[in-house]
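A quick write-up on the structure given underneath.
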There are 2 protein chains.
Amino acid sequence: MNNKELENTETEILNAAKEVFLQKGMAGARMQEIADKANINKALLHYYYRSKQLLFEAVFKSAFKLLAPQLNRVLNDDTDLFEKIRKFTENYVAFVIKHPYLPNFVIQELSKNPDFIQKLRAEKNFPTIDKFKIQVNEAIDKGIIKPIEAEQLFINIISLNIFPFIGEPLLMALVNMDKESYKKLLKKRKTEVSEFIINSIKI
Amino acid sequence: MNNKELENTETEILNAAKEVFLQKGMAGARMQEIADKANINKALLHYYYRSKQLLFEAVFKSAFKLLAPQLNRVLNDDTDLFEKIRKFTENYVAFVIKHPYLPNFVIQELSKNPDFIQKLRAEKNFPTIDKFKIQVNEAIDKGIIKPIEAEQLFINIISLNIFPFIGEPLLMALVNMDKESYKKLLKKRKTEVSEFIINSIKI
DNA sequence: ATGTGATTTAACTATTTGGTTAACAAATTT
DNA sequence: AAATTTGTTAACCAAATAGTTAAATCACAT
């Protein structure tokens, strides 16, 4: 066997599957396309991952494992609140550029299968809001920020960061920009979004 | 024929198709399910709408026709900027409660078929940002709001309003709430989101 | 009533698609 | 090196699914 590149067929398959599932979703993905992209026979897919469902679950879990640390960067990390918002915003853009379809995929498949979240919750490192909540309330008590529910602030942070990527095709048309200008606009958001948030909450 | 309810088969079909397509997307929708939901034979679908693709396009256009006026409420409407942001935010929640899957559907299908936006752009009433841009720049000149690009502000407004619905299953889990509490939180956003935005930009 | 076009149906077809089988090949153990 | 286990393939299968056909029925004008 040529162990230069094909060192690990299983990984090869998972990568191909990621590519296809992330772009087309569970319903739109085709096992044949995944096999082709992995340069293997379709039967081999079923040898490694017994069914489409199981392969999908492997992809989904792998995708979520990449996303979770990003979310934890806001939720469970005890740097200063403002600094944290700045860092998260800056890093998130870089993350999505590296994995353009990932957040959309996770959200999309979760909407179509809401029970799935239960399986994730059980896993180690599932992000929780507790620490963030304490931090926000402390900042309020100290008079650093205006009163706001931690949940609402968190949703605002996430929305402002994730949606411009998920809604890209729609937003691009609405603001009447081509791909290149829109990408520039997104890069500017690395700093603008955090300032927008901090402006709103700081006293 | 019982003309009480079945006054118009074509409309009956379109409604059933909307239900199915909006929830399952193009790839996940099944013609049989649409036929069942419309209480008709599958052949009748093809009698009225020749193919799945054409039926899908009818649904998509109809969906976008509902969404466009919502967007135009921010973009093309010459009430005061702050008042506009308040009104839009308040109305948008009501809109999504009435059409829960709609925004997600539009965005999702556009991501999977970005060329599709061209067809929409040609249509009457496609929202454009021009008017909003002028309004924002005037407000900046008058010293009412801090300098900000109109495009960025628009994206912020849309993101803060749409994403909490699209990302509902994920966000619900992250903030550790059940459906009921989350719905309450969303209702609170009717006023909180606009204050969050205005706080950030006002001088 | 009857002829005509629009509407509706049951039954069918072609294709796609997830999954299987059985045989072959390569690596590993004995 | 013989035997066994692991990896890989071509060919096949059954179910699902979009789409078709041809006949039946309805609405209604003549």
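Reminder, nothing fancy here: chain letters follow the sequence lines and each chain counts from 1.
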Consider the side chain of [X], meaning its heavy atoms from C-beta on, and name the nucleotide among [options] that approaches it most closely.
X       : options                : answer
B/Arg30 : D/dG19, D/dT17, C/dG19 : D/dT17
B/Ile40 : C/dT9, C/dT8, C/dG19   : C/dT9
A/Thr9  : C/dT8, C/dT20, D/dT8   : D/dT8

Which whole-number value in Å describes the distance from [X] [atom1] to [N] [atom2]?
X       : N      : atom1 : atom2 : result
B/Leu44 : C/dA6  : CG    : P     : 15 Å
A/His46 : D/dA10 : NE2   : P     : 16 Å
A/Glu12 : D/dT8  : CD    : P     : 11 Å
A/Met31 : D/dA15 : CE    : C1'   : 16 Å
B/Ile13 : D/dG19 : CD1   : P     : 14 Å
A/Met26 : C/dT17 : CE    : C1'   : 12 Å
A/Asp36 : D/dT9  : CG    : C1'   : 14 Å
A/Gln32 : D/dC12 : CD    : C1'   : 14 Å

Of A/Tyr47 and A/Ala43, the one whose closest DNA chain D nucleotide lies more 5': A/Tyr47
Aromatic plane relationship, A/Phe64 with A/Phe60 - under 30° parallel, 30 to 60° tilted, over 60° perpendicular: parallel
Is it the case that over 12 heavy atoms from other parts of the model lie below 6.0 angstrom from the [atom1] atom of [X]?
X        : atom1 : answer
A/Arg50  : CZ    : no
B/Gln118 : CD    : yes
B/Lys187 : NZ    : no

Touch class at under 4.0 angstrom, heavy-atom based, for A/Ala35 against every strand present: nothing
Touch class at under 4.0 angstrom, heavy-atom based, for B/Tyr49 against every strand present: nothing
Working for side chain to side chain donor-acceptor pair (under 3.5 Å), residues A/Gln23 and A/Glu19: CA-CA 6 Å; A/Gln23 285 184 50; A/Glu19 240 182 277; 4.9 Å; no
Phosphate oxygens OP1/OP2 of [N]: is one of them under 4.0 Å from a side-chain N or O of [X]?
X       : N      : result
B/Tyr48 : C/dT8  : yes
A/Asn41 : D/dA10 : yes
A/Arg50 : C/dG19 : no

N/O donor-acceptor pair, side chain B/Lys52 with base D/dG19, under 3.5 angstrom: no
